[in-house]
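Before any comments, here is the structure.
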Amino acid sequence: MNTLRGNILQQLKRVVIKVGSGVISTDDGLDGAMVTRLADDICELCARGIEVILVSSGAVSAGRNFLGIEGRPKTIPQKQAAAAIGQPRIMRAYKEVFERHERVAAQVLLTRDDLSNRRRYLNAHNTFDTLLEYGVTPIVNENDTVVVEEIRFGDNDNLSAQVASLMEADLLLILSDVDGFYDGDPSCNAGAQFVPLIEKVTPEVMAMAGTTRSTLGTGGMLTKLQAAQKAGLAGIPTLIVNGRSPSILRRVFEGEELGSLFLASASKLSARKRWIALTMLPSGKILLDGGAVRAVADSGKSLLPTGIVAVEGEFERGDAVHICDGNGVPFAIGVASYNHVELEQIKGHRCAEIEQILGYQYRDEAVYRDNLVLICDTAEEIEA
Ligand code: GLU
């Protein structure tokens with residue numbers, strides 16, 4: 001077995017497996033045979049002592065036909081209605097297979113709010129923990145029927161990365177309807193090359209993903225890369241494989257070289273920084289000059305108002321913001337010490353001037369270092 005994969009698989013105790021709509025759906029709805037094969041293999045993994053958390057999409061595609069909708073529903077109420085019909089059907093299909101293996105599956109429906117609120121985040125952790133402790137397999141989906149735009153994960157790729165981080169999984173395994181990651185879009189670029197190993201999800205790698213979306217699911221390769229990036233920050237590698245290939249789970253866990261493996265960052269973030277980077281929803285942008293980009297990215301400094309060239313969006317003190325280079329490309333996420341109106345006033349000014357401008361001062365930093373997480377490692381990488 002190749003050492004990288006071998007090490008990951010040999011040490012694996014807990015895995016989050018995400019299965020996309022394109023894998024478990026047909027044009028007519030839920031692909032029952034596929035669900036059975038997957039659930040059989042998951043039960044086999046559990047029997048070997050591996051803890052599995054399954055993030056399963058497919059609610060909308062399992063329900064839309066009952067509304068007479070062809071293709072993906074267009075309006076949010078249609079999607080929510082389809083999900084309300086499809087979700088219990090998916091759960092019933094899994095439950096029947098799990099019961100044949102004398103195992104119990106549990107439904108966990110989440111909204112982004114459940115994880116971006118720290119107290120509910122910890123509560124969700126305890127619920128997962130208890131289910132796993134009792135040998136129950138959690139089957140997670142977004143609570144599509146009730147979410148509104150502001151509290152949506154939007155796609156299950158990002159949701160699965162957040163669950164993997166929350167539960168400190170050893171691997172995020174994404175079962176997709178494509179073989180893995182290509183350096184271009186294979187559906188319109190015949191020369192696109194398959195990439196079996198990605199050491200880091202850089203902006204360059206992101207740019208290769210293109211914008212193709214899956215026809216049945218919500219995401220495309222871009223949301224999978226975002227998921228791999230998030231999982232990587234949490235110290236978790238991600239493997240993207242084709243979930244429709246025969247016996248895919250068995251073959252992956254036997255160490256067959258399938259799909260694209262994304263390595264985790266060398267240094268795993270602390271629990272609090274993981275929560276900031278992965279689950280807080282940035283509501284604005286702070287753009288920096290070159291010197292400030294280098295100070296924050298290379299020298300591990302806090303972000304001071306003097307290096308800020310622009311403030312975009314509306315946010316309160318304590319909200320998460322994207323910290324960007326001068327072109328607006330994010331390279332870090334942080335918790336703002338001042339709201340957008342205050343930052344607009346103090347941008348470009350020295351710390352000593354803050355009190356004079358605002359009439360008060362919370363602290364010197366616009367974003368304090370302990371509240372800041374880098375997405376890229378170096379200024380050079382940002383400028384590339
Ligand atoms: N939650 C959606 C569903 O169950 C899927 C979201 C996605 O495709 O990523 O249909």
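Just so you know, ligand 1 is whichever comes first in the structure, and atom 1 is the first atom listed for that ligand. The first residue in the sequence is number 1, and the count goes up from there.
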Can a salt bridge be assigned to the pair Lys13 and Glu51 using a cut-off of 4.0 Å between side-chain N and carboxylate O?
no
Heavy atoms only: which of Ser57, Gly22, Ala59 is nearest to atom 5 (C) of ligand 1?
Ser57
For ligand 1, which part of Asn141 has a heavy atom less than 4.0 Å away: the side chain, the backbone, both, or neither?
side chain
Quick one: OH on Tyr121 to CG on Asp113, what's the gap to the nearest 0.5 Å?
15.0 Å
Ala83 touching ligand 1 at heavy-atom level, < 4.0 angstrom
no
SB check Asp157 Lys18 (cutoff 4.0 Å)
yes
Just say parallel, tilted or perpendicular for the rings of Tyr362 and Tyr338, cut-offs at 30° and 60°.
tilted
Consider every N or O of Asn156 and every N or O of ligand 1, then say whether any pair is closer than 3.5 Å.
yes
Those atoms of ligand 1 less than 4.0 Å from some heavy atom in Asp155
9 (O)
Take a 6.0 Å sphere around CZ of Arg363 and say whether it holds more than 12 heavy atoms from other residues, nucleotides or ligands.
yes
Is there at least one pair of N or O atoms, one from Ser61 and one from ligand 1, spaced under 3.5 Å apart?
no
